[in-house]
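Single-structure report; data block below.
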Protein chains: 2
Amino acid sequence: MARTKLFDEALILDKAMNLFWEKGYNATSAQDLVDGLNISRSSLYDTFGDKHSLFVKALKRYRQERVDPVLNGLDSAGDVEQYIRDVFVAVKDEALNDACSKGCFMVNSAVEMAPVDPEIASIVHAIMIDTESAVAKAIEKGQKQGLFTTSHSAQSLARFIFNAINGLRVTVKFDTDKRMFDDIVDVSLAALKV
Amino acid sequence: MARTKLFDEALILDKAMNLFWEKGYNATSAQDLVDGLNISRSSLYDTFGDKHSLFVKALKRYRQERVDPVLNGLDSAGDVEQYIRDVFVAVKDEALNDACSKGCFMVNSAVEMAPVDPEIASIVHAIMIDTESAVAKAIEKGQKQGLFTTSHSAQSLARFIFNAINGLRVTVKFDTDKRMFDDIVDVSLAALKV
DNA sequence: AATAATACGGAACGAACGTTCCATTTAAAG
DNA sequence: CTTTAAATGGAACGTTCGTTCCGTATTATT
């Protein structure tokens with residue numbers, strides 16, 4: 001029948017995800033994609049549809065590859081407090097090691113696209129909802145173990161923590177001072193205690 | 001001599017600030033500016049230079065008009081704790097009332113432009129530095145009055161608070177639930193106490 | 001009133017945008 | 001081996017981008 005693809009579709013999608021993640025939707029041109037993905041224009045459009053469709057696929061893949069594993073890990077974590085701390089530290093390390101300040105693809109997309117693109121807004125919102133409930137569930141567990149304060153509901157604390165992480169994803173963009181991140185992480189985590 | 005300008009330059013700059021604030025740099029076209037500012041192309045370029053120069057001017061004006069007044073108010077505030085709470089509430093109210101989810105022009109610019117535009121990165125970084133020190137100064141005052149915890153340095157707490165506000169400016173983009181904001185604000189402010 | 005400097009509106013620029021089309025190449029199925 | 005549907009590379013599409021240019025209108029000065 002037909003010729004087989006010369007490229008691995010999943011691999012290309014990963015590359016597209018990283019391109020959009022780094023430069024955003026508008027600043028990533030079709031030419032950038034052709035160059036960065038190392039496939040031809042026609043293969044790009046035949047395989048992924050137009051630029052917007054590719055972006056949506058990339059954003060969904062980000063969720064699968066980057067968000068869901070963390071949420072699953074949180075669900076099955078033995079030491080909830082340590083796991084949350086690990087997430088913060090991971091964000092911090094990423095900020096300090098990643099030279100190009102990519103931040104978080106979801107946060108970037110929320111800022112650039114959500115206000116003018118309902119489809120992307122919906123994807124971002126879904127990630128937010130699921131993250132909030134996963135964190136809330138974990139915090140509730142921690143509260144029962146006496147690890148966290150019960151002065152606030154698990155949901156309130158979850159929202160607070162998620163907000164702090166989103167803040168870090170912004171801070172990444174204009175600061176790479178290790179002490180800055182240490183301070184923010186320390187106070188944020190301390191807020192969960194008593 | 002010459003004809004007088006038919007428009008108020010400061011007023012036009014305000015309009016440009018709001019356009020860029022709402023849509024970002026890349027998504028705001030020269031045509032959008034001509035339409036939105038109600039001046040001709042030539043007047044636009046003669047008065048403000050190219051698009052990038054106009055954006056820089058708009059961002060600097062944002063600082064003058066929106067950031068500095070808050071920092072000055074913080075410096076001269078009688079009740080520091082209440083003032084910080086007021087800032088949070090103002091961010092919340094803006095989020096709930098502003099239909100187009102503009103968020104914060106500085107945060108938006110940090111996410112979209114800072115990684116690829118040194119000039120804008122520098123402006124954003126300066127705002128961040130000055131905000132941090134203004135908040136730290138206020139918190140130090142509050143600590144001496146016994147209002148805030150001394151378990152963390154004033155600088156650490158300032159960084160934490162600023163990070164939380166930046167987080168809110170992201171949350172605005174995909175959530176307009178009042179309770180979401182109330183939870184985040186409550187826990188963030190509680191973290192400053194004991 | 002004449003002069004001179006500037007603002008203005010609108011046409012036009014080349015470049016880059018996202019997208020489509022087509023001739024060619026490829027390889028699985030018959 | 002022939003057939004055939006799909007993958008490919010590259011040219012080309014119309015549109016929009018940011019920007020420039022120019023003829024005209026305007027007004028403070030002489």
Side-chain angles (χ1 to χ4, degrees), chain A residues 1-60 108-109 112-113 116-120, chain B residues 1-61 108-109 112-113 115-120:
Chain A
M1 293 274 284
R3 190 173 165 182
T4 51
K5 274 190 203 300
L6 292 187
F7 58 84
D8 178 356
E9 195 170 320
L11 193 85
I12 296 293
L13 193 51
D14 265 347
K15 287 187 184 178
M17 180 184 78
N18 281 289
L19 282 176
F20 281 130
W21 186 354
E22 186 178 335
K23 308 217 321 170
Y25 180 79
N26 286 304
T28 304
S29 69
Q31 189 60 48
D32 289 337
L33 291 168
V34 170
D35 295 341
L37 307 183
N38 276 315
I39 60 173
S40 72
R41 252 179 195 67
S42 32
S43 298
L44 200 170
Y45 279 85
D46 284 351
T47 310
F48 301 103
D50 61 13
K51 183 184 167 184
H52 191 269
S53 300
L54 178 57
F55 186 86
V56 168
K57 288 186 176 76
L59 189 53
K60 286 180 176 170
N108 299 353
S109 301
E112 183 188 3
M113 301 292 285
V116 293
D117 192 314
E119 186 176 6
I120 292 173
Chain B
M1 295 270 289
R3 193 171 160 185
T4 49
K5 275 190 202 300
L6 292 186
F7 57 85
D8 178 357
E9 195 171 321
L11 192 86
I12 296 293
L13 193 51
D14 265 347
K15 287 187 184 175
M17 178 183 81
N18 280 289
L19 283 176
F20 281 130
W21 186 355
E22 185 178 336
K23 309 217 321 168
Y25 181 80
N26 286 304
T28 304
S29 69
Q31 190 60 49
D32 290 336
L33 291 168
V34 170
D35 295 342
L37 307 184
N38 277 314
I39 60 173
S40 71
R41 251 180 195 66
S42 33
S43 296
L44 201 171
Y45 278 85
D46 284 349
T47 310
F48 301 104
D50 62 12
K51 182 183 169 186
H52 190 270
S53 300
L54 177 57
F55 186 85
V56 168
K57 288 185 176 76
L59 189 54
K60 287 180 176 172
R61 187 164 179 85
N108 299 354
S109 301
E112 182 187 4
M113 301 293 283
V116 294
D117 192 315
E119 186 176 3
I120 291 172

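We name chains A, B, ... by the order of the sequence lines, and we start the count at 1 in each one.
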## Note on the structure
Expected string for nucleotides 11-16 of chain D under the B/S/- scheme (protein heavy atoms, under 4.0 Å, primed atoms plus P, OP1, OP2 as sugar-phosphate) is B-----

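The structure places CG of A:Leu13 at 10.0 Å from CG of A:Asn18, a figure rounded to the nearest 0.5 Å. The CG atom of A:Asp8 lies 11.5 Å from the CD1 atom of A:Ile39; values are rounded to the nearest 0.5 Å. Considering CD1 of A:Ile12 and NZ of A:Lys57, their distance stands at 14.0 Å, rounded to 0.5 Å. Expressed to the nearest 0.5 Å, how far CG of A:Leu44 lies from CG of A:Asp50 amounts to 10.0 Å.
Proximity of B:Ser43 to the phosphate of C:dA7: no side-chain N or O atom is located under 4.0 Å from OP1 or OP2. For the pair B:Ser40 and C:dG9, the criterion of a side-chain N or O lying under 4.0 Å from OP1 or OP2 is met.
When distances are taken from the side chain of B:Ser42 to each of D:dC17, C:dC8, C:dG9, the shortest belongs to C:dG9.
Heavy atoms only, all atoms of each residue included: B:Tyr45 and B:Ala30 are closest at OH-CB, 4.1 Å. When all heavy atoms of B:Ser109 and B:Phe55 are compared, the pair lying nearest together is OG-CZ, 3.5 Å. Heavy-atom minimum distance, A:Leu33 versus A:Leu54: CD1-CD2, 4.0 Å.
In this structure, CD1 of A:Ile12 is placed 14 Å from P of D:dA7, rounded to the nearest angstrom. Straight-line distance from the CG atom of A:Leu37 to the C1' atom of D:dA7: 16 Å, rounded to whole Å. Atoms CG (A:Asn38) and C1' (D:dA7) sit 16 Å apart, rounded to a whole Å. Separating the OH atom of B:Tyr45 from the C1' atom of C:dA7 is a distance of 17 Å, rounded to the nearest angstrom. Regarding A:Phe48, its CZ atom lies at a distance of 12 Å from the P atom of D:dA7, rounded to whole Å. Atom CG of B:Asp46 and atom C1' of C:dG10 are 14 Å apart (whole Å). With rounding to whole Å, A:Ile39 atom CD1 is found 15 Å from D:dA6 atom C1'. Going from atom CD of B:Gln31 over to atom C1' of D:dT19 covers 13 Å, rounded to whole Å.
Two residues are said to be in side-chain contact when any heavy atoms from C-beta on lie closer than 4.5 Å; A:His52 and A:Asp117 meet this criterion. Residues A:Leu59 and A:Met113 have side chains not in contact (no heavy-atom distance under 4.5 Å, counting atoms from C-beta outward).
Against DNA chain C, the stretch residues 18-28 of chain B makes no heavy-atom approach under 4.0 Å. Taking a 4.0 Å limit (strictly below) on heavy-atom distances, residues 50-61 of chain B reaches DNA chain D at B:Asp50, B:Lys51.
Counting non-hydrogen atoms of neighbouring residues, nucleotides and ligands closer than 6.0 angstrom, the NZ atom of B:Lys60 reaches no more than 12 such neighbours.
Considering only residues two or more places apart in sequence or on other chains, A:Asp14 meets the side chain to side chain contact (heavy atoms under 4.5 Å, CB included) condition with A:Met17, A:Arg61, A:Glu65. Here A:Ser42 pairs with A:Ser40 under the side chain to side chain donor-acceptor pair (under 3.5 Å) rule; sequence neighbours left out. Take B:Gln31 and apply the side chain to side chain contact (heavy atoms under 4.5 Å, CB included) test, not counting sequence neighbours, and it matches B:Ser29, B:Val34, B:Asp35, B:Arg41.
Comparing the start and finish of the helix from C:dA1-D:dT30 to C:dG30-D:dC1, five pairs each, the helix axis swings through 0°, to the nearest 10 degrees.
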List the atom pairs, with distances to 0.1 Å, where a side-chain N or O of residues 20-27 of chain A and a protein N or O form a donor-acceptor pair under 3.5 Å, not counting sequence neighbours.
from: A:Trp21; atom 1: NE1; to: A:Lys102; atom 2: O; distance (Å): 3.4
from: A:Trp21; atom 1: NE1; to: A:Gly103; atom 2: O; distance (Å): 3.1
from: A:Lys23; atom 1: NZ; to: A:Asp32; atom 2: OD2; distance (Å): 3.4
from: A:Asn26; atom 1: ND2; to: A:Glu112; atom 2: OE2; distance (Å): 3.0

